[in-house]
Amino acid sequence: MTDSTMKTPAASAGATDDAELYLDAAATEPVSRDVIDAMLPFLTDAYANPASVHQPGKTAAHALDAARAAFAAGLGAKPDDVIFTSGGTESDNLAVKGIAMARMRRLGLRPVYDAAGEPDARRPRIVISAIEHPAVAQSADWLSHWFGFEVVRIPVDHEAHLDLDALARALDGEAGERTTLVSAMLANNEVGTIEPVERIVALAHAHGVPVHVDAVQAAGLIPVRMRDWDVDALSVSGHKFGTPKGLGALLVRGRTPIEPILSGGGQERGLRSGTQNVAGAVALAIALDGSNRRMAARYRQLVASRDMLIDAVRRVVPRAELTGDPERRLPGHASFIFPGVTGEALLVDLDARGIAASSGSACAIGRHEIPATLLAMGIEPQVAKSALRMTFREPLTREQIERISLAIEESYTDLTRR
Ligand code: PLP
């Protein structure tokens with residue numbers, strides 16, 4: 001462990017000058033004290049299983065109902081829409097696999113175990129955007145691998161906006177009739193671009209196809225109105241807005257055909273078996289409510305400090321290019337490419353200077369992958385490797401922005417000199 005990893009990263013607001021500055025909110029957020037306090041009674045005194053018929057069980061069930069109602073309201077949904085899960089990955093898997101398989105059967109489509117030489121006439125199909133998180137993209141690949149689904153990836157432009165004309169073409173005619181689901185994200189994790197969900201829904205529904213939206217990066221940061229947007233299923237993950245990790249939900253309308261992917265006791269409308277995590281549900285409700293309140297109060301400041309940071313970075317490294325849409329992007333999201341260096345080297349160097357940022361893609365088990373969204377945006381792999389993402393949920397101070405830009409200037413100069 002290096003010195004810098006032993007220091008506790010300070011949340012961006014209130015960080016003192018020499019504290020590690022945490023700019024990786026899109027990866028995860030700290031759990032706030034009020035969330036912990038709200039959870040505690042359901043881990044200690046009110047610990048009963050909410051499915052139990054005795055009085056302690058009823059107390060737990062009551063808390064679960066209240067959390068479900070508050071959580072649903074915070075996302076523009078109804079309590080019955082909410083299926084509590086273990087996080088974004090599980091929610092995406094349940095939506096993509098569960099809806100695609102249920103619709104395959106309902107539409108009378110046939111799984112294809114060996115696609116070679118098979119006519120496409122009854123082959124099931126799924127349409128996703130080219131910039132989905134692996135939890136969606138690999139779930140679609142799983143459907144292809146096991147059931148011969150045709151997976152259609154809709155391209156994006158150079159700012160990561162979904163190509164709506166391509167989506168319309170993909171849903172047209174005979175192929176549209178074999179389409180079980182459209183899955184698209186609300187806000188991209190790597191470059192922060194916000195997608196036109198309502199237009200995607202209108203296009204898909206015109207062909208009778210349900211829409212799943214991965215709102216993992218958006219919930220708690222920008223308004224999410226599931227029912228107003230007529231979305232069929234929507235995934236969120238608690239640790240992106242202040243719950244402990246391993247908590248999330250799939251919101252799915254009663255009208256949407258969906259099969260569970262876990263078998264068991266039938267909790268959560270039969271869609272997510274397993275004893276419910278009451279303290280976790282309470283955490284989701286309290287953390288979402290806190291984030292939504294802060295959003296209303298601080299949105300403008302967050303956008304102003306993001307734009308100030310973007311300007312400062314461009315000033316100190318004129319070759320740096322902002323990635324994603326400059327305006328229709330998440331409020332606390334600044335992502336760049338820095339031609340001439342690798343994002344990994346920059347990350348490590350910045351970390352040594354007390355700045356905790358990210359490359360924008362999963363650095364899973366030590367692998368530093370090329371950010372897939374940047375490739376889909378048409379950026380050359382060599383350049384895409386130079387990505388750096390800075391994300392924060394509290395507005396940055398002027399001093400913090402100066403500190404970050406100075407560190408980037410020094411790092412970039414050092415690395416390009418080597
Ligand atoms: N979807 C998106 C867009 C994400 O950014 C992430 C995590 O970063 C996930 C899904 C997975 O969420 P979780 O970490 O809760 O499994």
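Whatever order the structure lists them in is the order used to number ligands and atoms, beginning at 1.
Arg153 and Ser129 share no donor-acceptor pair across their side chains, judged by distance under 3.5 Å alone.
In this structure, the protein non-hydrogen atom closest to atom 11 (C) of ligand 1 is Thr89 OG1, 3.5 Å. Among protein heavy atoms, the minimum distance from atom 5 (O) of ligand 1 is reached at Gln217 NE2, 2.8 Å. Looking only at heavy atoms of the protein, atom 4 (C) of ligand 1 is closest to His133 CD2, 3.3 Å. In terms of protein heavy atoms, atom 15 (O) of ligand 1 is closest to Ser237 OG, 2.5 Å.
Surrounding CZ of Arg225 are more than 12 heavy atoms belonging to other residues, nucleotides or ligands, all under 6.0 Å away. Counting heavy atoms of neighbouring residues, nucleotides and ligands inside a 6.0 Å radius, atom CD of Glu380 does not exceed 12 of them.
Trp142 and Phe147 have perpendicular rings, their planes meeting at more than 60° on a 0 to 90° scale where under 30° would count as parallel.
The side chain of Val216, and not its backbone, has at least one atom closer than 4.0 Å to an atom of ligand 1 (non-hydrogen atoms only; side chain from C-beta on).
A salt bridge (charged side-chain N to carboxylate O under 4.0 Å, His left out) with Asp232 holds for exactly one of Arg253, Arg103, Arg255; it is Arg255. Phe338 pairs with exactly one of Leu415, Thr416, Ile408 by the side-chain contact (heavy atoms from CB on, under 4.5 Å) rule, that one being Ile408. The only member of Asp92, Thr85, Asp214 that meets side chain to side chain donor-acceptor pair (under 3.5 Å) when paired with Ser235 is Asp92.
Against a heavy-atom cut-off of under 4.0 Å, Met185 is close to the following atoms of ligand 1: 3 (C). The atoms of ligand 1 that sit less than 4.0 Å from any heavy atom of Asp92 are 1 (N), 10 (C). Atom numbering of ligand 1 starts at 1 in the shown order; those under 4.0 Å from a heavy atom of Asp214 are 1 (N), 2 (C), 3 (C), 10 (C). Ligand 1 places these atoms under 4.0 Å from at least one heavy atom of Gly87: 15 (O). For ligand 1 and Lys240, the ligand atoms under 4.0 Å from any heavy atom of the residue are 7 (C), 8 (O).
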May I have the list of side-chain donor-acceptor pairs in residues 279-294 shorter than 3.5 Å, sequence neighbours left out?
unit_1, atom_1, unit_2, atom_2, d
Asp289, OD2, Arg293, NE, 2.9
Asp289, OD2, Arg293, NH2, 3.2
Ser291, OG, Phe241, O, 3.3
Ser291, OG, Ala287, O, 3.1
Asn292, ND2, Gly74, O, 3.1

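Contact between His239 and ligand 1 is present, with at least one heavy atom of the residue lying under 4.0 Å from the ligand.
Considering backbone and side-chain N/O atoms, Gly88 comes within less than 3.5 Å of an N/O atom of ligand 1.
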